[in-house]
Amino acid sequence: MPTTDPTSSPPPVSVLFVCLGNICRSPMAEGVFQHVAQQATQRGSALVTRTDSAGTGAYHVGDAADPRTMATLAAHGIGAGAYSHRARQFRAADLYAVDYVLAMDEENRAQVERVRERAVGRRGAGAGRAEGKVGRVMLFGDFGGREGEQVADPYYGAADAFDVAYGQMVRFSEGLLRHLETEQGRAGVGKAGEDVVRGGR
């Protein structure tokens, strides 16, 4: 019977979250996803190796996350000791450093996609990395059960806007982890099958 070898399990993935200024939505997404992924790791499911966040704009480079973002995270047990942040701008090199680039809304997804198209056009396979190895650009909301769901910018929103965004982040994070579990399960089965064909088991 085909069995999977833990030493040959698919490697954990890296994820980059992107919004406009990198002080509200994407750091909240990173903090929540880190928290959810760490809980999964404690249960024996090491799916994620690295998380990061960035903004398509340079408005807040070097700034800390919006205090309302940090307060919302802290209210749900994700404190300053567990997550800290300084804003930075998204760059083309990020596409070659992570497996997933997850945007908070369609406008930022489109901006990242434009950067991706230019980067792939310049570098291509000649740079030693084919287009298929560039990070997948998607909406984070695609993992929340309603494809195309976006996270509204809470910066100028209503008093509960950050709480609404937090609820979305939790739902999206749990959906992303389920997706990664499925993907890694398929890869593990495929690897086991290859071992059988090669006579390894």
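- Minimum interatomic distance between Met169 and Ala29 (heavy atoms only, all atoms of both residues): SD-CB, 3.7 Å.
- Ala152 and Arg25 get closest at one heavy-atom pair: O-CD, 3.6 Å.
- With Thr69 contributing its side chain and Cys24 its backbone, the two residues share a donor-acceptor pair below 3.5 Å.
- Gln89 contributes no side-chain N or O that, together with a main-chain N or O of Gly55, makes up a donor-acceptor pair within less than 3.5 Å.
- Minimum heavy-atom separation, Ala65 to Met70: CB-SD, 3.8 Å.
- Met104 approaches Cys19 most closely through the heavy-atom pair CG-CB, 3.7 Å.
- Every pair passing side chain to side chain donor-acceptor pair (under 3.5 Å) that includes a residue from residues 169-178 is listed here, sequence neighbours excluded: Glu149-Arg171.
- Between Val151 and Asp105, every side-chain heavy-atom pair lies at or beyond the 4.5 Å cut-off.
- With respect to Phe17, the ring-ring contact (aromatic ring centres under 6.0 Å, His included) criterion is satisfied by exactly one of Phe90, Phe33, Phe143: Phe33.
- For Gln111, the side-chain hydrogen bond (donor to acceptor under 3.5 Å, both in side chains) partners at least two apart in sequence or on another chain are Arg114.
- Ser26 contributes atom OG, which lies 9.0 Å from atom CG of Asp52 (distance to the nearest 0.5 angstrom).
- When atom types are taken as modelled, the side chain of Ser14 and the backbone of Asp99 share a donor-acceptor pair closer than 3.5 angstrom.
- The closest side-chain heavy-atom distance from Leu20 to Tyr59 is below 4.5 Å.
- For the pair Val98 and Val15, the minimum side-chain heavy-atom distance is 4.5 Å or more.
- A side-chain donor-acceptor contact under 3.5 Å links Gln168 to the backbone of Gln150.
- Checked by atom type and distance alone, the side chain of Arg68 never pairs as donor or acceptor with a backbone atom of Ala161 at under 3.5 Å.
- Looking at Arg88 and Asp94, a side-chain N of the basic residue comes within less than 4.0 Å of a carboxylate O on the acidic one, giving a salt bridge.
- The ring pair (Phe, Tyr, Trp, His ring centres under 6.0 Å) analysis of residues 150-174, with sequence neighbours excluded, yields the pairs His76-Tyr166, Phe140-Phe172.
- Shown are Leu95, Val137, Val120; of these, the side chain to side chain contact (heavy atoms under 4.5 Å, CB included) with Val115 is made only by Leu95.
- Here the closest non-hydrogen pair linking Arg86 and Asn22 is O-OD1, 4.1 Å.
- At most 12 heavy atoms of other shown residues, nucleotides or ligands fall within 6.0 angstrom of atom CD in Glu107.
- Contact between Val112 and Thr56 at its shortest, heavy atoms only, is CG2-CG2, 4.1 Å.
- The cluster map of Ile, Leu, Val, Met, Phe, Trp and Tyr, joined by side-chain heavy atoms under 4.5 Å apart, puts Leu73 and Leu176 in the same cluster.
- Transitive grouping of hydrophobic side chains (ILVMFWY, heavy atoms separated by less than 4.5 Å) brings Met28 and Met138 into a common cluster.
- Two different hydrophobic clusters hold Val13 and Leu139 under the rule that ILVMFWY side chains link at heavy-atom gaps under 4.5 Å.
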As a quick check of understanding, evaluate side chain to side chain contact (heavy atoms under 4.5 Å, CB included) for Thr72 and Asp163, giving each step before the final call.
CA-CA 7 Å; Thr72 303; Asp163 290 327; 3.9 Å; yes
